[in-house]
*Asks:* 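Before we start, here is the structure in question, set down as structure tokens.
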Protein chains: 2
Amino acid sequence: MPEPRFRRRKEDRPQEITEAALTAFAEKGYAATRVDDVAKRAGVSKGLLYLYFKTKEDLFKAVIRSFVVPRIDALTTIIDNSEMSAEEFLRGPFFEFARTLPGSHISILIRLMIAEGPKHPDLLQFYWDNVVSRGLGAISELLERGVQQGEFRRSAVNELPHLFAMPVLFSVVFRSLFEKQCPDTDKLIGAQLDLLIAHMKGDVA
Amino acid sequence: MPEPRFRRRKEDRPQEITEAALTAFAEKGYAATRVDDVAKRAGVSKGLLYLYFKTKEDLFKAVIRSFVVPRIDALTTIIDNSEMSAEEFLRGPFFEFARTLPGSHISILIRLMIAEGPKHPDLLQFYWDNVVSRGLGAISELLERGVQQGEFRRSAVNELPHLFAMPVLFSVVFRSLFEKQCPDTDKLIGAQLDLLIAHMKGDVA
DNA sequence: ATAATTACTGACCCGTTAGTCAGTAATTGG
DNA sequence: CCAATTACTGACTAACGGGTCAGTAATTAT
């Protein structure tokens, strides 16, 4: 009896396809990625891909959903379940998150989001609700907790959560464009963290 | 004698076309912009466009060149020709530049640059040399001047130029994606400026 | 075994669009 | 006024790629 030409693996296909799509999108960008190519990488025919994803745009959304959101979940879970002081969290898990993000494949998705976002308003809304808003909210809560416990003084600056997010976005974009000339991401993010924490604690800057 | 169907205006065509292209790219992004559409907006036939620009990519590069670079030139000229103190410059012209950029059409080009950059390495190099590198260099010089004149203390933070550039890029991206939910650009940039200047002056943060 | 089901294939279709080019009409020079 | 020049037009094409679907082969039910 001959080897079967293919196996039916309904369960695994979607994930295999989104993984292939992630790689392809990362390499070529959205518009330049051929659906045919994604299918090949996933070891599947184009027809099958269209069985699981209605359109190319649909596929793109699925990629964002399945790779970016979990990352944010991980962060917020740590905040909620740990007893760390705000500073410990910022210098620990947050810093770790921020410094590893720009080198990860997620950073490519963020770039894609910037590039393609305006063409997909509903995706943008999804991204806002599930990633950006929650991320900023988490920082906000954390700072508030720091203030409550007398660790930080109450700052006049309302934009603090954004100021913490800034170096992350900056590094992601900067590195993805000017890999070679990019300053050390760790130092950049570290410097901003130092500035902000010093400010929150009321130290001499 | 009838009105001529068209005038020959060799001199003005390139600029008119790049202007039309800027608008089109801004509205639709690079891939979704039709060369035909750019031509129509410029009031020319597609054939003529191809007489002035070899390819669509060529056109894109011309747009970046002609609209972004002058903006940086303006800034560096002010630095070189004015007698302002560093702080005056940062709180004056630099702040003005930074806060108006995210609302201008240039910001759309920056987003396009982020989106399309990786596909055009030579353009990226050009952009680095003529925009990013010069911009960072200008800030660097300015800070150095501030230190020389005893206005600022010498900071241990080497990444300062990037820290000044950060809120600008952040605002550009943030606003172009989440226009509605974007925090007040002025305040965001202002806050970062305050932090950095306080740090440079050695004040209490 | 064989029928019914369905995951899967791959050739095809068709709208779309970057880029071309033979021809046309506005200029310019004699 | 006519000829030479060239800025300009617009119909054309060649290719590409998203999406479809009739058919096939693996699986499951009987």
*Asks:* Could you tell me whether B/R145 and B/E141 have a side-chain N and a carboxylate O separated by less than 4.0 Å?
*Replies:*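 B/E141 and B/R145: not salt-bridged.
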*Asks:* Given that B/T55 and B/R7 both sit by DNA chain C, which one's nearest nucleotide is further toward the 5' end?
*Replies:*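 Whichever sits nearer the 5' end wins; that is B/T55.
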*Asks:* Go through residues 9-34 of chain A and report each residue with a non-hydrogen atom lying under 4.0 Å from DNA chain C, sorted by number.
*Replies:*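 Within residues 9-34 of chain A, the residues near DNA chain C are A/R9, A/K10, A/R13.
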*Asks:* Quickly work out the A/L48 CG to D/dA26 P distance and round it to whole Å.
*Replies:*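 These atoms are roughly 15 Å apart.
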*Asks:* Using whole Å, report how far CZ of A/F6 lies from P of D/dA26.
*Replies:*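 Taking CZ of A/F6 and P of D/dA26, I get 5 Å after rounding.
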*Asks:* How many whole angstroms separate atom CG of B/D58 from atom C1' of C/dA18?
*Replies:*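 Spelled out: CG on B/D58 to C1' on C/dA18 is 13 Å.
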*Asks:* Counting side-chain heavy atoms from C-beta on, which of C/dA26, D/dG18, D/dA25 comes nearest to B/P4?
*Replies:*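 Closest of the options to the side chain of B/P4: C/dA26.
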*Asks:* To the nearest angstrom, how far is B/L49 atom CG from C/dT20 atom C1'?
*Replies:*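 In whole Å, C/dT20 C1' lies 13 Å from B/L49 CG.
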*Asks:* Please report the distance, rounded to the nearest Å, between CG in A/D36 and C1' in D/dT20.
*Replies:*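 Rounded to the whole Å, the gap is 13 Å.
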*Asks:* Both B/Y52 and B/K46 contact DNA chain D. Which one's nearest nucleotide lies toward the 5' end?
*Replies:*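 Here B/Y52 is the residue nearer the 5' end.
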*Asks:* So if I take every side-chain heavy atom of A/R8 and compare against C/dT5, D/dT6, C/dT9, which nucleotide ends up nearest?
*Replies:*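 Of the options given, the side chain of A/R8 lies nearest C/dT5.
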*Asks:* Less than 4.5 Å apart, any side-chain heavy atom of A/F126 and any of A/V131?
*Replies:*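 No, their side chains stay 4.5 Å or more apart.
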*Asks:* Measuring only between side-chain heavy atoms, which start at C-beta, is B/E179 closer than 4.5 Å to B/F174?
*Replies:*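 SC-SC contact between B/E179 and B/F174 ruled out.
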*Asks:* Could you state the CG-P distance from B/D37 to C/dT17, rounded to the nearest angstrom?
*Replies:*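 It is 10 Å, rounded to the nearest whole Å.
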*Asks:* Is it true that A/D122 and A/K61 make a salt bridge, defined as a side-chain N closer than 4.0 Å to a carboxylate O?
*Replies:*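 Yes, this pair counts.
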*Asks:* Take atom CG of A/L59 and atom P of D/dG17, then tell me their distance rounded to the nearest Å.
*Replies:*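 My rounded result for the distance is 16 Å.
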*Asks:* Counting the atoms with a prime plus P, OP1 and OP2 as sugar-phosphate, which does B/Y50 contact under 4.0 Å by heavy atoms, base, sugar-phosphate, or nothing?
*Replies:*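 Base contact.
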*Asks:* I need the CG-C1' distance between A/L51 and C/dT6, as an integer number of Å.
*Replies:*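 The distance from CG of A/L51 to C1' of C/dT6 comes to 9 Å, rounded to the nearest Å.
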*Asks:* Please check this pair: side chain of B/E151 against backbone of B/A86, looking for a donor-acceptor N/O pair closer than 3.5 Å.
*Replies:*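 Checking the backbone N and O of B/A86 against the side chain of B/E151, a donor-acceptor pair under 3.5 Å is found.
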*Asks:* Checking contacts here: which listed nucleotide (C/dG10, D/dC8, C/dG19) is nearest the side-chain heavy atoms of B/K56?
*Replies:*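 Ranking C/dG10, D/dC8, C/dG19 by closest atom to the B/K56 side chain puts C/dG19 first.
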*Asks:* Do side-chain atoms of B/R134 reach the backbone of B/N130 as a donor and acceptor pair under 3.5 angstrom?
*Replies:*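 Between the backbone of B/N130 and the side chain of B/R134 there is a qualifying donor-acceptor contact (under 3.5 Å).
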*Asks:* Might you point out which heavy atoms bring A/F53 and A/A62 nearest each other, and give the distance in Å?
*Replies:*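 The pair with the smallest heavy-atom distance is CE2-CB, 3.6 Å.
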